[in-house]
Amino acid sequence: MTRFDKAWREGLAIAICSVVFGFSYTFVQEKGLFAKPASRRATLGTVSAAPSVIEIQEALSLFQSGEAVFVDSRHGFDYKLGHIRGALNLPLEEFDTKADVIASLPRNKILITYCDGADCNSSIELATKLMESGFTSVKVFFAGWNEWQGQRLPMAVTQ
Amino acid sequence: MLKRFLSNEFNILTARVFLGSMLLVASIDKIADPAAFAKSIGDYRLFSEPIVTVVATMIPWAELLCGMAMMFGLLIPGAALLAGSMLLVFTLALLSALLRGLDITCGCFSQDPAAARIGWMKIGENVILTAISAYLYFSASIRFSLEHYLSNREENS
């Protein structure tokens, strides 16, 4: 038997064991594939309601009425190059260290998170983390910065 | 010189323990929360949800078993082949996500949404781990392994 034949058979045996263990464990623990619908819905965190995703028209309307505060989840470097006017910068990876920014977020206004657009998911993750932190009115402007910039809506640059 | 270095029993053992422990560590968070791992895989936007869920159920256990096989020294060529194949697929997925401009978390070790995001550094890490898998696959040594101990016992009895 060649080295590849032996390795191939051994690898297959490990793969089969992985399937058996994986499915048995998740079944017994009611996780992942076998999670109950309620816990499956909360896979993003412990919040029961997921943040709603809004389109640009609603984002603009909330911007103009002043009912919302925009929260930019991108890196500080990208934020400085350009962001929605009035938006605060709270990069997702700095969430745990930016307690001062989180404390400054108003609880009586709608928070709208955004990142670049469809190619990033940090806006959704940030919105989820904000909801887990007790903010009840959080929305995600998923089309994000690319759409806002593309439509030449109010922007700001940090020097 | 290089050949001697690569065939050194202690270097092979070090590579086995290193790769084995990396795989073990990588599997823990994924086994604990397969749903979060499924979400990480889904973020790559390569597969449909049913495939993602099944993959998220199997992969962590394959990592755990390959890691244990390497650490203890059992089925080393098979574990190296499987781990190397998985790492190669992970590297291609990372590369594809980077080329598509996705800004997502890697899902490699931690399933925390605030964990390290994908980048060339992650691809580098994966390439190194794939190379170590290939090294272990081609190194025929089973010294300092459970397999070696068991075959010795069999011969003596």
Backbone N/O of B:Met70 and side chain of B:Arg16: donor-acceptor pair under 3.5 Å:
yes

With only heavy atoms counted, which part of A:Ser122 is less than 4.5 Å from chain B, the side chain, the backbone, both or neither?
both

Taking atom types as modelled, is there a side-chain donor on B:Glu147 or B:Ser145 under 3.5 Å from an acceptor on the other?
no

In terms of heavy-atom proximity below 4.5 Å to chain A, should B:Arg45 be classed as side chain, backbone, both, or neither?
side chain

Under 4.5 Å from any heavy atom of chain A, what part of B:Phe37 do you find: side chain, backbone, both or neither?
neither

Determine whether the aromatic ring centres of A:Phe63 and A:Trp148 lie less than 6.0 Å apart.
yes

Report the distance from atom CD of A:Glu93 to atom CD of A:Glu125, rounding to the nearest 0.5 Å.
10.5 Å

According to ring-ring contact (aromatic ring centres under 6.0 Å, His included), who are the partners of A:Tyr25, at least two apart in sequence or on a separate chain?
B:Trp61

Is there a donor-acceptor contact under 3.5 Å from the side chain of A:Ser61 to the main chain of A:Gln57?
no

By a 4.5 Å heavy-atom criterion (distance strictly below it), what part of B:Ala38 contacts chain A: side chain, backbone, both, or neither?
neither

Please work out whether the ring planes of B:Phe144 and B:Phe10 are parallel, tilted or perpendicular, with thresholds of 30° and 60°.
tilted

With sequence neighbours left out, write down each residue that passes side-chain hydrogen bond (donor to acceptor under 3.5 Å, both in side chains) with A:Gln29, or none if nothing qualifies.
none

Donor-acceptor pairs under 3.5 angstrom involving side-chain atoms of residues 71-94 of chain B: please list them, not counting sequence neighbours.
{"unit_1": "B:Ser85", "atom_1": "OG", "unit_2": "B:Leu81", "atom_2": "O", "d": "2.6"}
{"unit_1": "B:Thr91", "atom_1": "OG1", "unit_2": "B:Leu87", "atom_2": "O", "d": "2.6"}

Which residue out of B:Ala97, B:Ala32, B:Cys66, B:Pro50 racks up the most heavy-atom pairs below 4.5 Å with chain A?
B:Ala32

Applying a criterion of heavy atom separation less than 4.5 Å, what residues of residues 53-60 of chain B form contacts with chain A?
B:Thr53, B:Val54, B:Thr57, B:Met58

From the list A:Thr26, A:Asn121, A:Val20, the residue making the most non-hydrogen contacts under 4.5 Å with chain B is A:Asn121

